[in-house]
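Just so you know, these numbers come straight off a predicted model, no measurement behind them. Below, chain A is the first sequence line, B the second, and so on; all start at residue 1.
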Amino acid sequence: MDFISFLVAYWPTLIQLTAEHLGIIVVAMALSLALGLVVGIAISFSPRAAAIVLGINGLLMTFPSLALFSLLVPVLGIGSAPAIAGLVVYTQLPLVRNVYTGLTGIDPALIEAAEGMGLTPLKILWKIKLPLAWPAILTGIRTATVMGIGIGAIAAYVGAGGLGVLIFQGISRNNDAMVIVGAILISAISILTDRLLARIGDRDRS
Amino acid sequence: MTDRRLSAGLKVGAYLAAAVALTLYVVEWPQDSLVARLVTFPHVLALTGQHLAIVALSSVLAILTAVPLGLMLTRDWARQWTPRVVGFVNVCQTVPSLAVVALAVGLLGIGATTAIVALWLYALLPILNNTLTGLDGVDAATLQAARGMGMRPGRVLRRIEVPLALPLIVAGVRTAVTVNIGSAILAAFVGGGGLGDLIIAGNNISRVQVVVLGAGLPMLMALIVDALFDVAAEETAG
């Protein structure tokens, strides 16, 4: 089957799968960012806790995603829930690490000045620390999102939907056009997302 | 340095012991007869061998292509393009591993060769990236001094550039190999075998033990390789 006829026949499905994929990524990233910010801020006060948390995160990252999704299915059921939970786990490390390095890399003189001006710790966090750490946090968001798009494709194997469906169904049906279209769409979304977030980072800096 | 080697050796030993213990546990205390029939020592050993072969072949191919390519692209006549090549490689690196494997299936059909080619391409990028960055980062004054001493380009490359860039190149290989151990799981989708077979089989019959074994072995394999690279990093940095 050639590409053109495949695209003509399947375009509504392609749009639906793309929307499904993006939906999973957006929900997972929102949850992961909220969790990552809380954890990152919490460990920025204690280097020891930071070493432990980042170590555990690093170890979790090496756990094969296919296996994690497969283990989450009996707990969370088939569908997007295990995919979202798995993605939150895998996107934690880049987020937490970048929030942590962003917050701890701030010139202590600035914090002292803020304290001298009588700002409360909460205000210092909100008005000084987080804005200064923002470029690092944004880099973390970028790494995590791009990674999530790729891992999200694997979640299709356990019934989460999204663009991975094209790859897995294409392989089992021996439909090369379907496999290649799936691969190209996932790659294109990864590259575009990466460029987009990089551009936002550049704009913020200037 | 010997301390470093000793601790790396101990780590490797501990991880190996953990891998054997994990396999032994599943073989000796299977959940039920289904697991007992599926997971046997020879079978696990064969899958581990396939996994290692896929990773080793693709990684060696990647080193043999990426390093010379990096050396070529940093010669004077190509130097002006180096930043663009690095940019291009960085863009390619955002392509997910499953997409690379899928593209390889589309072009080559299924089988172990497909998996090896896909992982080769995937491992190429971090090594090329680090080779380019490492060679590009060699101080221009150092190069000039070497040339001023009358060293010919080939000698400058061998005696100055490569040794100075080596830590970064090794770091690139380390990233590529550890990532490849994880990505080689995807080989199971394209009939390439490897430990991914266990995860997929465990998922199909929904037996946690088999999935955990299929996940644990590549994890330990990655930890072992990482410990070995600790030593390699130490050697090349000195």
Side-chain angles (χ1 to χ4, degrees), chain A residues 3 58-75 90 142-143 145-159 162-164 166-168 170-172 174-195 197-198, chain B residues 87-88 90-110 114 118 122 178-179 181-186 188-191 194-223 225-226:
Chain A
F3 286 108
L59 208 62
L60 278 177
M61 284 269 294
T62 63
F63 196 82
S65 48
L66 180 62
L68 184 67
F69 289 133
S70 167
L71 293 175
L72 284 171
V73 167
V75 185
Y90 286 112
R142 182 175 150 203
T143 315
T145 312
V146 171
M147 218 175 66
I149 292 172
I151 297 175
I154 295 175
Y157 189 74
V158 296
L163 288 166
L166 291 172
I167 294 178
F168 292 119
I171 290 176
S172 49
N174 212 357
N175 184 342
D176 285 346
M178 199 175 187
V179 175
I180 293 182
V181 167
I184 290 176
L185 277 177
I186 294 170
S187 311
I189 291 176
S190 300
I191 293 172
L192 287 177
T193 308
D194 183 64
R195 293 292 91 199
L197 290 174
Chain B
F88 178 70
N90 278 333
V91 169
C92 289
Q93 270 187 306
T94 58
V95 174
S97 50
L98 184 64
V100 179
V101 172
L103 280 175
V105 172
L107 301 174
L108 299 167
I110 56 171
T114 306
Y122 204 63
T178 23
V179 168
I181 292 174
S183 305
I185 287 169
L186 302 179
F189 288 129
V190 300
L195 291 163
D197 271 3
L198 278 180
I199 302 180
I200 290 181
N203 180 59
N204 290 345
I205 60 171
S206 47
R207 293 294 183 276
V208 173
Q209 254 187 338
V210 185
V211 174
V212 169
L213 181 65
L217 291 180
M219 250 176 112
L220 289 164
M221 201 186 270
L223 287 170
V225 168
D226 206 53

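- More than 12 heavy-atom neighbours from other residues, nucleotides or ligands sit within 6.0 angstrom of CD1 on Ile191(A).
- Contacts between Leu66(A) and chain B at a heavy-atom distance below 4.5 Å involve backbone atoms as well as side-chain atoms.
- Looking only at side-chain heavy atoms (C-beta outward), Ile189(A) and Leu163(A) come within less than 4.5 Å of each other.
- With a threshold of 4.5 angstrom between heavy atoms, Ile181(B) does not approach chain A through any atom at all.
- At a 4.5 Å heavy-atom cutoff, the contact between Phe168(A) and chain B is made by side-chain atoms alone.
- In this structure, chain B has a heavy atom under 4.5 Å from the side chain of Val146(A), while its backbone stays farther away.
- Using a 4.5 Å heavy-atom threshold, the side chains of Leu71(A) and Val212(B) count as touching.
- Counting non-hydrogen atoms of other residues, nucleotides and ligands closer than 6.0 Å to CG of Asn174(A) gives a total of 12 or fewer.
- The contact between Asn204(B) and chain A is made entirely by side chain atoms (from C-beta outward), counting heavy-atom distances below 4.5 Å.
- Using modelled atom types, one side-chain atom of Thr114(B) and one backbone atom of Gly109(B) make a donor-acceptor pair closer than 3.5 Å.
- Within the 4.5 Å cutoff, the side chain of Leu217(B) has heavy atoms near those of the Leu213(B) side chain.
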Could you go through residues 147-157 of chain A and list every donor-acceptor pair under 3.5 Å that involves a side-chain atom there, pairing it with any protein atom two or more places apart or in another chain?
none

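- Heavy atoms of Val158(A) lying under 4.5 Å from chain B belong exclusively to its side chain.
- Contact of the Val179(A) side chain with the Leu166(A) side chain is not registered, since no non-hydrogen atoms from C-beta on lie closer than 4.5 Å.
- Ile185(B) touches chain A through its side chain: at least one heavy atom from C-beta onward sits under 4.5 Å away, while N, CA, C and O do not.
- Heavy-atom neighbours of chain A within the stretch residues 92-101 of chain B, taken at a separation under 4.5 angstrom, comprise Thr94(B), Val95(B), Pro96(B), Leu98(B), Ala99(B).
- Counting only heavy atoms from C-beta outward, the side chains of Val91(B) and Asp194(A) never approach each other to under 4.5 Å.
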